[in-house]
Colleague: 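Dumping the structure here so I can ask a few things about it.
Proteins get letters first, then strands, A, B, ... in listed order; numbering begins at 1 in each.
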There are 2 protein chains.
Amino acid sequence: MNIDKENQFFEFKELCHKSDLKITPQRVVIYEILSSTDEHPSAETVYKKARRIMPNISFDTVNRTLNTFSDIGAAFIVEGTGDVRRFDAGLGNHQHFKCVKCKRIIDFHYEEFDNVHRPAELEKFDILKSTVYFEGICDVCKKK
Amino acid sequence: MNIDKENQFFEFKELCHKSDLKITPQRVVIYEILSSTDEHPSAETVYKKARRIMPNISFDTVNRTLNTFSDIGAAFIVEGTGDVRRFDAGLGNHQHFKCVKCKRIIDFHYEEFDNVHRPAELEKFDILKSTVYFEGICDVCKKK
DNA sequence: GTACTATATAGTAGTTAATACTATTTAGCA
DNA sequence: TGCTAAATAGTATTAACTACTATATAGTAC
């Protein structure tokens with residue numbers, strides 16, 4: 001294990017302890033798979049990779065663990081959300097804030113976000129859309 | 001129909017014509033439901049509302065139509081994506097670009113996006129995360 | 001107005017991502 | 001070393017979403 005990996009693993013353990021999660025071999029395997037790829041794998045893909053290391057691990061464990069990681073901030077969902085698809089006619093420029101508790105999506109508008117700068121790194125792509133998006137806890141849920 | 005609604009409807013028709021889509025009563029109803037709410041409804045919710053106006057409309061039509069609208073830019077998916085959930089260990093600050101053709105997610109990093117400005121409108125919320133995200137067609141898919 | 005044709009729809013069946021359940025096991029700790 | 005709450009394996013279930021097919025209709029040409 002190199003310094004980077006060691007450090008990552010330490011941070012992972014810290015996150016687990018903070019949330020009173022046990023450090024199980026399954027969780028370690030899943031975290032290592034996730035932190036050693038930039039492929040943004042699905043639960044199914046992580047499951048397949050995990051089976052090679054730990055042949056009896058169940059899909060449920062992988063999926064549940066990924067959700068747990070997402071809850072404690074040890075992983076992020078970068079595609080889909082698990083929540084049902086929701087639509088917007090997109091009338092007028094606006095951005096979205098989502099409350100992670102009540103799932104409410106609140107529109108707001110901040111002009112600078114209508115046309116964000118396109119980094120040079122993306123010049124080789126045809127950009128169709130840019131989005132600025134916030135997530136957190138809304139005023140109503142904060143009171144509870 | 002007020003001026004705004006009339007104008008929206010005209011733009012909607014334009015979008016349909018540009019994509020060779022027929023203006024069906026079902027599509028009109030669905031578009032009107034979507035453009036007269038800021039609730040960001042799910043397909044199921046739109047379906048329930050549509051049934052009140054057009055009792056025989058099927059869920060398939062509603063769902064398919066919403067997807068069609070999303071394809072032609074008459075609607076936007078603001079939650080979930082229909083694609084399977086995918087994960088990222090989130091190591092180091094970075095942002096994502098997604099190719100809408102091959103679904104590949106590409107990491108990039110532009111420092112200004114690590115801490116975007118939080119608009120005053122959002123001050124009453126606890127913000128946990130901000131995301132800047134691009135969507136388009138990647139270099140590989142462009143060549144095809 | 002009438003007829004034609006490709007497209008769209010209703011109704012239903014099917015798929016699959018994701019979650020739930022239960023008996024068993026185990027991590028963390030005294 | 002033993003205890004206990006938490007986690008897991010294996011499987012069942014759920015539900016969002018898509019696919020299929022016979023019928024209907026929007027758009028167009030006459």
Colleague: Got more than 12 heavy atoms from elsewhere within 6.0 Å of NZ, A/K101?
Modeller: no
Colleague: Between B/D60 (CG) and C/dG14 (P), how many Å, whole number?
Modeller: 15 Å
Colleague: Using a distance-only test with no angle check, is there a side-chain donor-acceptor pair under 3.5 angstrom linking B/Q26 and B/T61?
Modeller: no
Colleague: Looking at B/M54 and B/V29, what are the two nearest heavy atoms and their distance?
Modeller: CE-CG2, 3.8 Å
Colleague: Where do A/T131 and B/E135 land on the side chain to side chain donor-acceptor pair (under 3.5 Å) test, with the steps shown first?
Modeller: CA-CA 8 Å; A/T131 311; B/E135 221 176 71; over 6 Å; no
Colleague: Return the residues of residues 61-70 of chain A meeting this criterion: a heavy atom under 4.0 Å from some atom of DNA chain C. Order them by number, or give none.
Modeller: A/N63, A/N67
Colleague: Between A/F97 and B/F125, what is the ring plane arrangement, given parallel below 30°, perpendicular above 60°, and tilted in between?
Modeller: parallel
Colleague: For DNA chain C, find the residues of residues 11-31 of chain B with a heavy-atom distance under 4.0 Å and give them by number; none if there aren't any.
Modeller: B/L21, B/K22, B/T24, B/Q26, B/R27
Colleague: Is there side-chain contact between A/T45 and B/R86, with heavy atoms separated by less than 4.5 Å?
Modeller: no
Colleague: Is it the case that the side chain of A/S70 and the backbone of A/L66 share a donor-acceptor pair, with hydrogens and angles ignored and the cut-off at 3.5 Å?
Modeller: no
Colleague: Please work out which residues in residues 72-87 of chain A have a non-hydrogen atom less than 4.0 Å from an atom of DNA chain D and list them by number.
Modeller: A/V84, A/R85
Colleague: State, with a plain yes or no, whether a side-chain heavy atom of A/R52 is found less than 4.5 Å away from one of A/I33.
Modeller: no
Colleague: Nucleotide range of DNA chain D contacted by chain B, 5' to 3', under 4.0 Å to a heavy atom?
Modeller: D/dC17 to D/dG27
Colleague: Between A/Q95 and A/F134, is the side-chain contact (heavy atoms from CB on, under 4.5 Å) condition met? List the steps.
Modeller: CA-CA 8 Å; A/Q95 291 80 33; A/F134 290 88; 6.0 Å; no
Colleague: Please report the C-alpha distance between A/H40 and B/K98 in whole Å, then the side-chain angles of each, then the deciding distance to 0.1 Å, and finally whether the side-chain contact (heavy atoms from CB on, under 4.5 Å) criterion is met.
Modeller: CA-CA 11 Å; A/H40 313 92; B/K98 183 176 88 172; over 6 Å; no
Colleague: Below 4.0 angstrom, N of the basic side chain to O of the carboxylate: do A/D139 and A/R104 qualify?
Modeller: yes
Colleague: Starting from the first five and the last five pairs of the helix from C/dG1-D/dC30 to C/dA30-D/dT1, work out the angle between the resulting helix axes, to 10 degrees.
Modeller: 50°
Colleague: Which atom names give the shortest non-hydrogen contact between B/I57 and B/R51, and what distance separates them?
Modeller: O-NH1, 3.0 Å
Colleague: Between B/R51 and A/A43, name the one whose nearest nucleotide on DNA chain C is closer to the 5' end.
Modeller: B/R51
Colleague: Between B/P55 and A/E44, who's closer to the 5' end of DNA chain C by nearest nucleotide?
Modeller: B/P55
Colleague: Side-chain donor-acceptor contacts of residues 15-25 of chain B below 3.5 Å, not counting sequence neighbours, with atom names and distances?
Modeller:
| from | atom 1 | to | atom 2 | distance (Å) |
| --- | --- | --- | --- | --- |
| B/H17 | ND1 | B/K13 | O | 3.3 |
| B/S19 | OG | B/L15 | O | 3.2 |
| B/T24 | OG1 | B/R27 | N | 3.2 |

Colleague: Under 6.0 Å between ring centres, would you say that holds for A/F69 and A/F12?
Modeller: yes
Colleague: Heavy atoms only: give me the nearest A/C102-A/C138 pair and the separation to one decimal.
Modeller: SG-SG, 3.9 Å
